[in-house]
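Convention: sequence-line order gives letters A, B, ...; per-chain numbering from 1. Predicted model only: the values in this text are computed from it and were never measured.
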Protein chains: 2
Amino acid sequence: MSPPTTRRRRRAHDPESVLATAVGVFNERGYDGTSMEDLARALGVTKSAIYHHVPGKEQLLARALERALDGLSAVVGDERAASGGPAIERLEWAVRQSVHILVDRLPYVTLLLRVRGNSRTEQAALERRREFEGFISRLVKEAAAEGSIRPDVDPALVTRLLSGTVSSITEWYRPAPGASADDLADALLKMTFSGLRV
Amino acid sequence: MSPPTTRRRRRAHDPESVLATAVGVFNERGYDGTSMEDLARALGVTKSAIYHHVPGKEQLLARALERALDGLSAVVGDERAASGGPAIERLEWAVRQSVHILVDRLPYVTLLLRVRGNSRTEQAALERRREFEGFISRLVKEAAAEGSIRPDVDPALVTRLLSGTVSSITEWYRPAPGASADDLADALLKMTFSGLRV
DNA sequence: TTGTCAACTGACCGAATGTTCGGTAAACAC
DNA sequence: GTGTTTACCGAACATTCGGTCAGTTGACAA
């Protein structure tokens, strides 16, 4: 009847739940600042139990980063599939989609944006991340060539500032009933596209 | 006669040069991802030599964070001393000053913005950082109350997005002869205050 | 009731960590 | 020259690291 009851918890974890908890701890203390002992404590289990579910620490990182990068890659793919229209509108759409991915996969994207390239796993993630940045960069350049972006700011600089604004969301955003990803994207686009000043 | 020894430098390091190198490596690999062995290699000396100049790893972090926070505190102090005028202009000034500090003390501020609170040193730095964020937050609220900021975005959200845009500069900015801090601040303020769209 | 099996423990491993310390030699003062 | 100071080395230190492995336990099927 009752699925998992309040009985003595025997099967408490699986690879998915371990990953979810791990990413949370990684984001709190940083990947390098997190020991497998820290993870075990957060899971309510001994260190060795973790290795029953996942191959090791670096694999946890790899799986988390993959989840973030797949989300961003999907944005690129969707734009390729349905291109057309002014670049400025496609850029706006891409920014909005990015914010959505960022909010939907918040812990994973947060982890991705903190990667420094200390291992091959991290280096590979950085390379995929750069591909996404190139995608945004191309849209900005197109929009600038179209004449849709103010000409007194270097497009490369615009790309950096715009991407930075989106990325910085991970540093403070916390899911709440009041705030949807769309409202957040609206506010961000209002500021960056139309400006704060009345 | 001669100022401090310009002679053959067999004694190559002092606390200052060790700090400068250390902060560089901390930013490359992350503080927790950096071992004293890594530091020693970057300095071209053995691990133990480092302890001749500085008390330890955490003190290096503490000194670096202090350098960043003192810069930001100075911005708050200067605004207090010379307040007056519309809040929107004081906000613009504060953002410009922040960009300057960020560029002038780039490696130190970069390190500060990556702190997660893993030690008491980091927690203390986070607390001082929050004070600065409160300062910006107050300016935004004042400017909103003045009616100088578009009313369709929550001031708290504006604070977050604006601070995030400034902070994200550390993730890509590299000093170059072509780009001054003032040009960078101009571009950032154009985007966030007036908007990218023509 | 018994057998099976996934979930988990506890003891352990070698390597790496931050730090200490006794010694050494180059630079400088006299 | 001699003596002192100062930058540095090399070997160790206690601890923690990520990871292994032989078992134990409880849930469930037959």
NZ (B/Lys190) with more than 12 external heavy atoms under 6.0 Å:
yes
Does B/Ser167 form a side chain to side chain donor-acceptor pair (under 3.5 Å) with A/Glu171? I'd like the steps, not just the answer.
CA-CA 10 Å; B/Ser167 297; A/Glu171 295 300 318; over 6 Å; no
Would you kindly give the CG-to-P distance between A/Leu61 and D/dG18, to the nearest whole Å?
13 Å
Side chain to side chain donor-acceptor pair (under 3.5 Å) evaluation trace for A/Asp38 with A/Ser35
CA-CA 5 Å; A/Asp38 291 331; A/Ser35 69; 3.2 Å; yes
Between atom CG in A/Leu60 and atom P in D/dG18, what is the gap in whole Å?
11 Å
Taking NE2 from B/His53 and C1' from C/dG18, how many angstroms apart are they, rounded to a whole number?
17 Å
With nearest nucleotides of DNA chain D determined for A/Ala49 and A/Tyr31 from heavy-atom distances, which residue corresponds to the more 5′ nucleotide?
A/Tyr31
Nearest-angstrom distance from the residue atom CD of A/Glu37 to P of C/dC12:
16 Å
Checking B/Glu133 against B/Ser163: is there a side-chain donor and acceptor pair closer than 3.5 Å?
no
Round to the nearest Å and state the distance from B/Ile50 atom CD1 to C/dT20 atom P.
13 Å
Measure the distance from CZ on A/Arg41 to P on C/dT9 and round it to the nearest whole Å.
14 Å
Measure from CG on B/Asp32 to P on C/dA16 and round the result to the nearest Å.
18 Å
For B/Gln59 and C/dG18, give me the distance from atom CD to atom P, rounded to whole Å.
15 Å
A/Lys57 side chain: which of C/dT19, D/dG18, D/dC8 is closest?
D/dG18
Nearest-nucleotide 5' precedence on DNA chain D, B/Gly44 against B/Lys47:
B/Gly44
When you check the phosphate oxygens OP1 and OP2 of D/dA7, does a side-chain N or O of B/His52 lie under 4.0 Å from one of them?
yes
Within the modelled atom types, does a donor on one side and an acceptor on the other bring the side chain of B/Ser48 and the base of D/dG10 under 3.5 Å apart?
yes
Does the side chain of B/Met191 come within less than 4.5 Å of A/Thr165's, by heavy atoms?
yes
Nearest-nucleotide comparison on DNA chain C, the residue closer to the 5′ end among A/Thr46 and B/Tyr51
A/Thr46
Between C/dA6 and A/His13, is there an OP1 or OP2 to side-chain N/O distance shorter than 4.0 Å?
no
